[in-house]
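Everything on this sheet refers to the single structure shown next.
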Amino acid sequence: MTWIKDNLMAVHKNILDTARSCGRNPEDIHLIGVSKKKPVQMIKQAIDAGLTILGENYIQEAMEKIDAIGRDAAAWHFIGHLQSNKARFAVQYFDLIHTVDSFKLAKEIDKQAGKIQKCQKILLQINIAMEDTKSGAQKDAAVDLAKKIMGFENLSLQGLMCMPPYFDDPEDARSYFKQLVQIREEILAAGVHPNAMAQLSMGMSNDFVVAIQEGATMVRVGTAIFGSRM
Amino acid sequence: MDTDKLVLASRSPRRKELLEQMGLAVEIIPADVDETEKPGQQPLALVKALSQKKTRHIMQLQKNAWVLGADTIVVKDGQTLGKPENREQAIHMLGLLSGRAHAVYTGYSVGHFVRSQMKTHAVATQVVFKTLTRQEILWYTGTQEPYDKAGGYAIQGLGAFLVKEIHGSYSNVVGLPVCELIQTLAALEVIQFKDSHHDMD
């Protein structure tokens, strides 16, 4: 399966070229390999080929895979919808949780992190296109929620995450990425420390180039690395 | 004791002995973690962070066990003294410590993965060495003792003759502050105190 290595190199090159063409430092952009529903063997190959961050969407599936591959083999990010009753496992298994979207969930993660004396890094997920089918905090609640999250002792807010609707033409996603940058500006203007807004997790296989142009620091790429089928 | 087993995430036979002395049976699974930490950290914060790192690492592998991880460092005038690798280093270290006070810091963490619990604590002890003669240093560094110990001495061994005064926990210098640790283990209900009095009939 050398194609995983080839795919990974192609994605890295694409990130590098995009960053350079818009005057950004490529080191500021982190590639997250979305490995949901991908088997352990494939993930191991990607790690061997140099992938350092894996993104998983389902707690149960992720726990089994992380136990098999090793907690320290890579950085693990949780990028799926998180229910409060699974917060404990998310805290135990993940270095960064991208999908915090309510005060209730933040509070539960804080509580679980406190129990094991962890400072849990999180991102605030925004429902950028106001879709009923997607999770994420409402745009007009973002500033308030970010300020409240700053008050939790065991949470370390790192930035924002969004997931725009899928478009065949990635250009159509650009306005949503711009909106996320705008929300970050509003949160900063409300006095939240810049360190808590350093990361923007946006852009996937089909639109990460546009996302990087708009300021993404984390891109979540699955298909372009692992292919669309198993 | 009717509870999950206790795993010691450390190779140190001294720590194992301290625990066994308290009637605690332990299984040893050393945690091989990267011990380089952010420079400029205060000693107490440093040993806490390292003990947490070791404990977390083993917790992930032994999910149904209580895991105890610890880290001890010796600090003299703001400088951390590691384990001497050869006789020259051991002689140098003892020279630094001779006739002066230094500090020994031990951090420990106790955690349980499935129970989702963890507690961390660190203890500092001040140790004052007698003024050592060259003969004393040469004799001690001619023994095996200094070479696998932070600071180059063992208070519980031949090195006892080096120590003129100690302020604070003795077992902390050996490798685990037993008084504080037992309190932590009791708070987490890893251990319970039962009446051990036997009728004299």
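Numbers restart at 1 for each chain; the letters A, B, ... are given by sequence-line order, proteins then strands.
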Under a 3.5 Å distance rule, please check whether B/K16 uses its side chain to pair with a backbone N or O of B/S10 as donor and acceptor. no

Report yes or no: does A/E186 contribute a side-chain atom to a donor-acceptor pair with the main-chain N or O of A/V143 at less than 3.5 Å? no

Verify, without hydrogens or angle tests, whether B/T184 (side chain) and B/E180 (backbone) share a donor-acceptor contact under 3.5 angstrom. yes

Between B/K164 and B/F129, is any pair of side-chain heavy atoms under 4.5 Å apart? no

Which residues in residues 81-107 of chain A have any heavy atom closer than 4.5 Å to a heavy atom of chain B? A/R88, A/Q92, A/Y93

Counting distance only, does the side-chain N/O of A/R71 pair as donor-acceptor with the main-chain N or O of A/I66 below 3.5 Å? no

B/D4 side chain to B/A65 backbone, donor-acceptor under 3.5 Å: no

For the candidates B/Q52, B/H57, B/H112, B/R56, which exhibits the highest count of non-hydrogen atom pairs separated by less than 4.5 Å from chain A? B/R56

So which part of B/V114 gets closer than 4.5 Å to some heavy atom of chain A, the side chain, the backbone, both or neither? both

Quick one: list whatever passes side chain to side chain donor-acceptor pair (under 3.5 Å) with B/Q126, sequence neighbours left out. none

